[in-house]
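Written out below as structure tokens is the structure these notes cover.
Numbering of residues begins at 1 and proceeds along the displayed sequence.
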Amino acid sequence: MTSNERVVVIGTGLAGVRLARRLGELGTPALLIGEEEHQPYNRVLLAEVLAGRYSPEVIALPAPAELTRGRVTGIDRERRTVACADGSVIAYDRLVLATGSNPVLPPLRGLFTENHQLPEGVHAFRTMDDCLGLSKAVRPGARAVVIGGGLLGVSAARALALRGAQVVLAQQSERLMERQLDPAASKLVKRHLTELGVEVHTECRVRDVRCVGGAVRSVEMADGYALDADLVVVACGVRPRVGLAQAAGLDVRKGVVVDDELRTSDPYIHAIGDCAQHDGVLYGLATPALEQADALAESLAGDATARYTGTRSLTRLTLTGHDSPFDLAAFGETEALPGDDVVQLADATRGTYRKVVVRDDRLVGGVLVGELGTVGALARAWEGAEPLPSDGGPLLHLLTNDGGS
């Protein structure tokens, strides 16, 4: 790409903002298009805003120089232009899709009104508007039902409890955060939520959202049991926003397919972040999005060797506030296979738990709850994928050396 080519980035999440800023630093300014009215913000910290720990301004991202607000409605690959909802047309030499993801809204009876809107009191939890709507609605004593026990559901339930709501969390699978945590760590998460007053139900499927006069009143479970509700938070995961890419005829599977140069099937269009599928993987996490943005910035700024080869990503949940801080981290494979070696350290009194899984003398995964002093050293050992010394001493040192805590 030449220095006078115009880069247009669709999306003002972490990936889009990081790319635009890095390109600016490298002397290749980009135009950033975002459809939210708010200043770009760090979506990872929305739960802290809901909990009352941060104001929205605290999680704002430094906006790039060229930022325009609007909703892109279509891509003309032949003319290399994008059309916006306000009728404007923007030309590009290189286009980057950083469109992120949408919340998954399950097919529950009563979840949508006749005009396909969520009823009063029912909220997704994905955007700043979602967060501000929930913050306005929640009050001490409000009855809140959180549907979904993954990372997002746990974060939302905890934040609402810290705001004084009476929270019930309904999770369809057998344990909380099952994609990231092993059973022992999931049990500690459940204990932490319970201590905050959250009522946790696992293996519990929601069937119906009951509304009166357009406002939610209860949530009915598959077994017929009904939970009274002033608020309902739907936290059932996310799916990549790929509508623009599909309509433009790009190769889309679960996400927009990209190569190591983060190019789509059109060499003039790239994709990064939650919407991008690289080497068959959809990450949906902040660290891969930022690494993709950095790699693409180097490439678009003229580095012909810049490549993205994947991320070994770590899931981290840090929620503090009041008298009950809670931290956890998980990486790689947290469940052992036959023949794996497992080292575990647990302290029931302090509510801490550390576990690592070793396969063929290599660290392949781990989970830590309560104290994360060792997480940096463990993650580096995992990312390096180097054989561990056979006597196990250094591994135990990594697991227990928490910087003096």
Side-chain angles (χ1 to χ4, degrees), residues 1 5 7-34 40-45 61-64 66-67 72 75 82 92-102 126 151 238-246 248 250-316 331-332 379 382-383:
M1 147 170 192
E5 286 187 326
V7 179
V8 173
V9 183
I10 304 174
T12 53
L14 281 172
V17 170
R18 174 69 158 250
L19 174 63
R21 289 187 62 209
R22 288 290 295 130
L23 283 171
E25 293 167 0
L26 294 168
T28 307
L31 171 65
L32 194 60
I33 307 174
Y41 56 90
N42 185 347
R43 201 180 307 278
V44 174
L45 296 174
L61 299 171
E66 286 194 78
L67 171 62
V72 176
I75 301 168
V82 296
Y92 68 84
D93 294 299
R94 299 281 183 151
L95 181 65
V96 181
L97 303 177
T99 48
S101 52
N102 285 324
R126 182 64 183 162
L151 184 62
V238 296
R239 61 168 55 97
R241 294 184 67 181
V242 297
L244 279 174
Q246 283 179 321
L250 300 177
D251 184 7
V252 175
R253 292 169 200 171
K254 289 183 178 178
V256 185
V257 176
V258 295
D259 62 15
D260 287 359
E261 294 181 67
L262 298 160
R263 292 178 305 192
T264 68
S265 52
D266 182 326
Y268 297 100
I269 302 179
H270 303 257
I272 57 174
D274 285 8
C275 71
Q277 180 175 343
H278 174 266
D279 198 21
V281 178
L282 276 170
Y283 289 99
L285 296 168
T287 299
L290 296 174
E291 291 185 359
Q292 289 170 4
D294 288 345
L296 183 55
E298 298 286 344
S299 176
L300 293 179
D303 183 351
T305 66
R307 297 287 187 276
Y308 174 74
T309 56
T311 300
R312 308 195 82 190
S313 53
L314 178 145
T315 297
R316 184 161 182 169
F331 55 92
W382 168 63
E383 289 167 355

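Between the side chain of Glu66 and the backbone N or O of Leu31 there is no donor-acceptor pair closer than 3.5 Å. In this structure, Thr28 contributes its side chain and Ala301 its backbone to no donor-acceptor pair below 3.5 Å. Proximity of a side-chain donor or acceptor of Arg312 to a complementary backbone N or O of Trp382 within less than 3.5 Å is detected. Asp279 contributes no side-chain N or O that, together with a main-chain N or O of Val281, makes up a donor-acceptor pair within less than 3.5 Å. Distance alone, capped at 3.5 Å, is enough to place a donor-acceptor pair between the His278 side chain and the Tyr308 backbone. A distance-only check finds a donor-acceptor pair linking the side chain of Arg307 to the backbone of Ala304 [under 3.5 Å].
Counting all heavy atoms, side chain and backbone alike, Val256 lies closest to Ala245 at CG2-CB, 3.6 Å. Taking all atoms of both residues into account, the shortest heavy-atom contact from Val9 to Ala98 is CG1-CB, 4.3 Å. What you find for Leu14 and Ala286 is that their closest heavy atoms are CD1-CB, 3.8 Å. Scanning both residues, Val242 and Cys275, for their nearest heavy atoms gives CG1-O, 4.2 Å. Between Leu32 and Gly16, the closest heavy-atom pair is CD1-O, 3.7 Å. Of all non-hydrogen atoms in Leu300 and His270, the two that sit nearest each other are CD2-NE2, 3.9 Å.
Summarising the geometry, atom CG belonging to Asp294 is positioned 10.0 Å from atom CG belonging to Leu23; distances are rounded to the nearest 0.5 Å. Ile10 CD1 to Tyr92 OH: the interatomic distance, rounded to the nearest 0.5 Å, is 8.5 Å. For the atom pair Arg316 CZ and Leu151 CG, the distance stands at 13.0 Å (nearest 0.5 Å). Between atom OH of residue Tyr268 and atom CG of residue Asp93 there is a gap of 9.5 Å, rounded to the nearest 0.5 Å. With rounding to the nearest 0.5 angstrom, the CD1 atom of Ile269 is 5.0 Å from the CG atom of Leu250.
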| request: Evaluate the side-chain contact (heavy atoms from CB on, under 4.5 Å) criterion for residues Ile33 and Val82: first the C-alpha distance (whole Å), next the side-chain angles of each, then the deciding distance (0.1 Å), finally the verdict. | output: CA-CA 10 Å; Ile33 307 174; Val82 296; 4.3 Å; yes

| query | Could you walk me through whether Thr315 and Leu285 pass the side-chain contact (heavy atoms from CB on, under 4.5 Å) check? | reply | CA-CA 8 Å; Thr315 297; Leu285 296 168; 4.1 Å; yes

| Criterion side-chain contact (heavy atoms from CB on, under 4.5 Å) on Leu97 and Ile75, from CA distance to verdict | CA-CA 11 Å; Leu97 303 177; Ile75 301 168; 4.0 Å; yes

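The shortest side-chain heavy-atom distance between Arg21 and Pro62 falls under the 4.5 Å cut-off. Between Leu262 and Ser299 the shortest side-chain heavy-atom distance does not fall below 4.5 Å. Put simply, the side chain of Thr264 does not reach to within 4.5 Å of the side chain of Asp251, judged on heavy atoms. A heavy-atom distance below 4.5 Å is found between the side chains of Ile272 and Val96.
Shown here are the salt bridge (Lys or Arg N to Asp or Glu O under 4.0 Å) partners of Glu298, two or more places apart in sequence or in another chain: Arg22.
Tyr41 and Arg43 form a side-chain donor-acceptor contact under 3.5 Å, judged by distance and modelled atom types alone. Under 3.5 Å, the side chains of Ser101 and Arg126 contain a donor-acceptor pair of N or O atoms.
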